[in-house]
> 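Next up is a structure, given as structure tokens.
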There are 2 protein chains.
Amino acid sequence: MPARNAEATRTRILDAALAEFADRGFAGGRVDRVARAAETNVRMIYAYFGGKDALFDAALTSAIERMAAAVPPRPADLAAWAGDLFDFHGSDATTLRIALWAQLERPEAAAEPLDDYLAKVSAVTGASPLDAVDVLTFVYSLAQAWYLTPIGLLLSADGRDPRDPARVAAHREALVATVHRLTGK
Amino acid sequence: MPARNAEATRTRILDAALAEFADRGFAGGRVDRVARAAETNVRMIYAYFGGKDALFDAALTSAIERMAAAVPPRPADLAAWAGDLFDFHGSDATTLRIALWAQLERPEAAAEPLDDYLAKVSAVTGASPLDAVDVLTFVYSLAQAWYLTPIGLLLSADGRDPRDPARVAAHREALVATVHRLTGK
DNA sequence: ACTCTATAAGTAAACGATTATTTACTTAGG
DNA sequence: CCTAAGTAAATAATCGTTTACTTATAGAGT
């Protein structure tokens with residue numbers, strides 16, 4: 001391992017950028033903070049990625065590729081797929097957050113990476129009384145619902161602690177059952 | 001109508017801030033742009049609201065109060081409520097966007113205003129096999145699903161144009177039917 | 001009615017701190 | 001020793017906030 005490693009530096013920048021943008025968004029994300037977290041300097045970011053815009057897009061694409069790899073499309077069993085997505089977002093909020101931010105701040109860039117992934121799911125949606133794309137948006141949305149709900153709201157409206165693993169597991173069960181019913185059993 | 005009107009100026013600032021923050025978020029929102037849109041100057045914003053943080057919170061609360069007034073809670077008919085929410089967000093994306101941004105950028109401030117509103121819905125959830133809070137998060141999420149889906153994704157995955165009113169109406173029907181089934185008919 | 005004035009409403013400009021981006025320079029390695 | 005990798009520092013623009021100032025308006029005292 002040489003002291004100078006372009007590939008490794010690029011990867012460190014990408015990882016740091018993903019963490020930064022998922023946490024603070026594009027407008028709130030700081031280039032010099034990414035450089036410090038990646039143990040390099042801003043000049044390298046511009047050398048490898050061109051600018052803040054391109055860095056964000058690269059981080060977004062990277063995150064969605066990881067999700068696609070960790071949670072493969074399962075068009076034949078959407079309920080199981082929803083459960084997988086739920087677990088994935090529960091173990092790490094990064095992907096959900098950067099995707100949300102992309103949707104709000106850079107809607108053009110938001111579509112492309114998700115496109116390939118979700119298209120595979122909508123391709124074969126089994127036998128449902130509903131339109132395939134409607135089902136897809138519903139299922140994808142249901143899998144995120146828990147994490148999009150303000151925690152303070154859950155704390156006050158629910159009798160149980162939303163951070164309790166048992167509570168989360170209960171919601172997961174409700175999710176899988178709901179998608180099951182939604183897709184026509 | 002006097003040339004000097006504190007109440008009117010305050011209202012203009014609040015409306016301009018809501019539009020600005022819904023469009024660009026907290027970090028991306030600019031105080032001087034709000035001042036210009038409100039036909040006043042930044043000093044007034046600090047006189048009336050104290051600072052950017054408090055201005056955002058005031059705009060968020062204002063937006064959710066408008067939503068609560070326009071789409072009253074209907075715990076007895078969640079499917080109809082979901083349809084109302086869908087129509088509301090379809091006619092104006094402001095509330096959905098600023099709420100999403102608040103959830104990402106200011107999670108502490110995000111909960112409170114929504115709290116009262118959604119608590120009323122979850123209070124009486126009729127007869128459902130699922131937990132009341134689970135149902136609430138599902139229904140609220142389903143009503144937003146269409147607008148949280150990247151338009152580019154819909155354009156490529158769906159055979160129909162997602163901006164076509166007929167297509168939107170079809171999704172609305174699917175939404176109401178789904179919530180109906182979800183709440184145990 | 002009529003000033004006079006205290007105070008609220010409004011404005012312009014500057015301050016100080018950041019921020020994305022670039023220029024100029026240094027160093028390691030084949 | 002030449003090129004790619006890495007670094008430091010400057011640039012130029014921007015942004016939230018404050019200071020210092022001006023103007024209108026309502027009400028008290030005559």
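Within every chain, numbering begins at 1; the chains are lettered A, B, ... in the order of the sequence lines, protein sequences first and strands thereafter.
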> Nearest-Å distance, CG (D32(A)) to P (dA8(D))?
14 Å
> If I take atom CZ in residue R12(A) and atom C1' in nucleotide dG6(D), what distance separates them, rounded to the nearest angstrom?
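Rounded to the whole Å, the gap is 11 Å.
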> Heavy atoms, side chains only, cut-off 4.5 Å: are L175(B) and W146(B) in contact?
no
> Between atom CZ in F49(B) and atom P in dG16(D), what is the gap in whole Å?
16 Å
> As a test of reading the structure: which of dG6(D), dA5(D), dA20(C) is closest to the side chain of N41(A), going by heavy atoms?
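Looking only at heavy atoms from C-beta outward on N41(A), the closest nucleotide is dG6(D).
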> Of all the nucleotides listed (dT17(D), dC15(D), dA20(C)), which has the minimum atom distance to the side chain of K52(A)?
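Among dT17(D), dC15(D), dA20(C), the one nearest the side chain of K52(A) is dA20(C).
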> Report the distance from atom CD of E7(B) to atom P of dA8(C), rounded to the nearest whole Å.
16 Å
> Is the ring pair W81(B)/Y140(B) parallel, tilted or perpendicular, if the boundaries are 30 and 60 degrees?
parallel
> Rounding to a whole Å, what distance do you find between N5(B):CG and dT23(D):P?
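Computing the N5(B):CG to dT23(D):P distance gives 21 Å.
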> Using whole Å, what does the distance between atom P of nucleotide dT22(C) and atom CD1 of I45(A) come to?
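Taking CD1 of I45(A) and P of dT22(C), I get 13 Å after rounding.
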> Name the closest nucleotide to the T40(A) side chain, picking from dT7(D), dG10(C), dA4(D).
dT7(D)
> Looking at the side chain of R4(A), which of dA9(C), dT27(C), dT21(C) is the nearest nucleotide?
dT27(C)
> Using 30° and 60° as the class boundaries, would you call the ring planes of F56(A) and F21(A) parallel, tilted or perpendicular?
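Ring orientation of F56(A) relative to F21(A): perpendicular.
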> OH of Y46(B) versus P of dA8(C): gap in Å, rounded?
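It works out to 22 Å between those atoms.
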> G29(B) near the nucleic acid: base, sugar-phosphate alone, or nothing, with a heavy-atom cut-off under 4.0 Å?
sugar-phosphate
> Could you check whether any side-chain heavy atom of Y117(B) comes within less than 4.5 Å of a side-chain heavy atom of V71(B), counting everything from C-beta outward?
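Contact flag for Y117(B)/V71(B) side chains = yes.
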> Within this structure, what is the CZ-to-P distance between R43(B) and dT19(D), rounded to whole angstrom?
9 Å
